[in-house]
Number of protein chains: 2
Amino acid sequence: MSQTSSRRTSAKIQEVARLAGVSIATVSRTFNLPEQVKPATRSVVEGIARQLAYYPNRSASTLRTQRSKVLGVVLPTLLNPVFAECMAGIAVAAKERGYAIIHATTEYQLANEEQAVSELQSRSVDGFILVVSNPRTSRALERVRAQGVPYVLLYSREAGHPCISVDGEKALEELIERLAGLGHRRIAMVSGQLQASDRAQQRYRGFVAGMSRLGLDASSLIEVPFVETAVGRLAELLAQRGRPSALVCSNDLLAIRAIRAAHLAGLVVPRDLSVVGFDGIRIGEDMTPMLSTIVQPNEEMGRRSIALVSDAQSAASARRPVESVSLEYYFREGESCARAPEGYS
Amino acid sequence: MSQTSSRRTSAKIQEVARLAGVSIATVSRTFNLPEQVKPATRSVVEGIARQLAYYPNRSASTLRTQRSKVLGVVLPTLLNPVFAECMAGIAVAAKERGYAIIHATTEYQLANEEQAVSELQSRSVDGFILVVSNPRTSRALERVRAQGVPYVLLYSREAGHPCISVDGEKALEELIERLAGLGHRRIAMVSGQLQASDRAQQRYRGFVAGMSRLGLDASSLIEVPFVETAVGRLAELLAQRGRPSALVCSNDLLAIRAIRAAHLAGLVVPRDLSVVGFDGIRIGEDMTPMLSTIVQPNEEMGRRSIALVSDAQSAASARRPVESVSLEYYFREGESCARAPEGYS
DNA sequence: TTGTAGGCGTTATCAG
DNA sequence: CTGATAACGCCTACAA
């Protein structure tokens, strides 16, 4: 009953060594450098270890080797499925490579970025995976570089940093072209605060470029600072005459809200209004109408990020030129995007 | 340029001690037992520490104190927003209390539960927050108890274990009553694999109880083993005559898919079919129709779980009777649930 | 192939 | 209030 099996001796490795008739060094090697241990010895040690349910103490090992086998992940929030999906990919790949993940969310607050990095540094993570607001000005990123551990930026594309992303600018340009092909002329972009995210800026640039190229008015930018308020604000705008026939949203969460706003404004999507998102969150596929969107391989991005930092980890010294990865995106047809209404231009 | 500031001396605490003119013991105390250090000394040390950007090495501290200030979280997946929301709550509360989180997902695979726990144990977490398939048979849970660290079960309700949950059984019973009040007689329950989750079972029991109490046929259980296939399967069923007028889903993700299935079957929700979910994921509020559902306070549940284990942590010895927490749920009206079609019974 | 032993950075005990 | 000093459990030259 009383689980007071208080072993004060501890040092289970000693126990294993004793029972196996070897030194603790050999036990250690059995785990870390098995090939250096005679097979016979090894299997004895392994047997005993299993019996005693012994496994090396990670803190001790970390202290000694200066390697924690923990990676730090900093991202805005897990409440946006795009990051949850990304995290899922990260988790899988990390596990495969023997890393654990400690994450911190910034809630889109710049101040939190730096704090998150500090916290993770104090946990002596071996590397960082970061989704920052803006790589160019990020003090968090500075801190990471100062420390010299490997890192990779997710979703950003910034020369001089290892990034994993898709070309959002190009994607948006193509999207505009597609919409124009469907007869849309009045197209508005809905975005979160542009300055809060270089991803949003990237996509916005594509919007402007695409519109300009077709000679369309690219001035319709609807910035919704707080996602919570997006619906009301959008509904108002959509109720006005002269409203756009298509809404291009900077991310899927906004697109979903835009669809709701349209509904509140008495519009039917996609009959009266086309709405397209960006991110390709899975849940968009289950919605009705199914969300039309530009799909990024979020989980893969997560996986690749682990590959990158963990490779950099091993490479260590050879600080090569920084290798970024640009992945493919694609347009998911969905059902929230259709031909522009007749006589609408 | 070359960041080869290779300090071979390391031991920054020594440096701090030296510059502050004290021993490393005092430096340590300044961080851990500030009240034992003369204010004057303390501020000197703090100043130097800040200058050198010194912070205690966690691994060393963990090794010495046998406390990592890391908590382990095991949950099915982050791709279901219900767990992502929960995790968000966990993260906030953990941060407040100085804990970091390492999580592992099971992907609803029993085998992974135990492996996840082992992995986390090897990372010497100070406690566990678990969302397991079934507390009664969980070997993972056994392992945790064997180790003797504090833990708490999320979403489960099982005597003998500290649990944080809402009363899903009662909630479903009440829901049935509500639907009956709206004229629904043919009500079916849509669930994932029952045996894969005691939460689902709990809710199902409530469904049966509620139906029986009203003298309704409670035999309509639609089990969709793989969520991925839910839509197709449901659409088929909904296309048949004699279909239910209301669908009660064991979770919101299923409800969203049910709505899609209804659409594919040519039905309009809620005019032709009412659909209700369970969980209260936020995104349900942004959908059109807004998801009617039973809302659990997911983030709060996460927060409370941290409170529980971290308190148990400090209490340590006094193993009190196990205190579970049952939180309030509520029905979110939404728009996916309405009066039953005329002449439908 | 295996053993010996120093030290990773802290904390806690015990003196002073 | 402060200092000296053992561990904490492991890894890795270096020796054997």
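Here is the naming used below: chain letters follow the sequence lines, and residue numbers restart at 1 for every chain.
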Evaluation steps, side chain to side chain contact (heavy atoms under 4.5 Å, CB included), between A:Glu142 and A:Arg145: CA-CA 5 Å; A:Glu142 226 169 76; A:Arg145 299 195 78 162; 5.9 Å; no
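Within the 4.0 Å cut-off from OP1 or OP2 of C:dG3, at least one side-chain nitrogen or oxygen of A:Thr26 is found. Dashed line: the shortest gap from a side-chain N or O of B:Thr41 to OP1 or OP2 of D:dT2 is under 4.0 Å. Regarding contacts with the backbone of D:dC10, a side-chain N or O of A:Tyr54 is found under 4.0 angstrom from either OP1 or OP2. In this model, the phosphate group of D:dG9 is approached by a side-chain N or O of B:Gln66 to a distance below 4.0 Å at OP1 or OP2. In this structure, B:Ser28 does not reach the C:dT10 phosphate: none of its side-chain N or O atoms is under 4.0 Å from OP1 or OP2. Listed pair A:Ser23 / C:dG3 meets the phosphate criterion, a side-chain N or O lying under 4.0 Å from OP1 or OP2.
Across the protein-nucleic acid pair, B:Arg42 atom CZ and D:dC1 atom C1' stand 12 Å apart, rounded to whole Å. Atom C1' of nucleotide D:dG9 and atom CZ of A:Phe31 are separated by 13 Å, given to the nearest angstrom. Rounded to whole Å, atom C1' of D:dC10 lies 16 Å from atom NZ of A:Lys69. The CD1-P distance, from B:Ile24 to D:dT5, rounds to 11 Å in whole Å. Regarding B:Gln36, its CD atom lies at a distance of 10 Å from the C1' atom of C:dA12, rounded to whole Å. Put simply, CZ on B:Arg29 is 14 Å from P on C:dC14, counting in whole angstrom units. Rounding to whole angstrom units, CG of residue B:Leu63 and P of C:dA12 are separated by 12 Å. In this structure, CG of B:Asn57 is placed 13 Å from C1' of C:dG7, rounded to the nearest angstrom.
Of the candidates B:Ile102, B:Val70, B:Val73, B:Ile102 is the only one forming a side chain to side chain contact (heavy atoms under 4.5 Å, CB included) with B:Leu120.
Using a distance-only test at 3.5 Å, with no hydrogens or angles considered, no donor-acceptor pair links the side chain of A:Ser122 to the main chain of B:Pro56. The main-chain N or O of A:Ser124 is found under 3.5 Å from a side-chain atom of A:Ser68 such that the two form a donor-acceptor pair.
Across C:dT2, D:dG3, D:dC10, the shortest atom-to-atom separation from the side chain of A:Pro56 is found for D:dC10. Side-chain proximity of A:Ala25 to the nucleotides D:dT2, D:dC10, C:dT4 is greatest for C:dT4.
For the pair B:Ser59 and A:Gly21, nearest-nucleotide mapping onto DNA chain C gives the more 5' position to A:Gly21.
Proximity of B:Tyr54 to B:Val27: side-chain heavy atoms (C-beta onward) are separated by under 4.5 Å at one or more points.
B:Arg58 comes within 4.0 angstrom of nothing in the nucleic acid, heavy atoms only.
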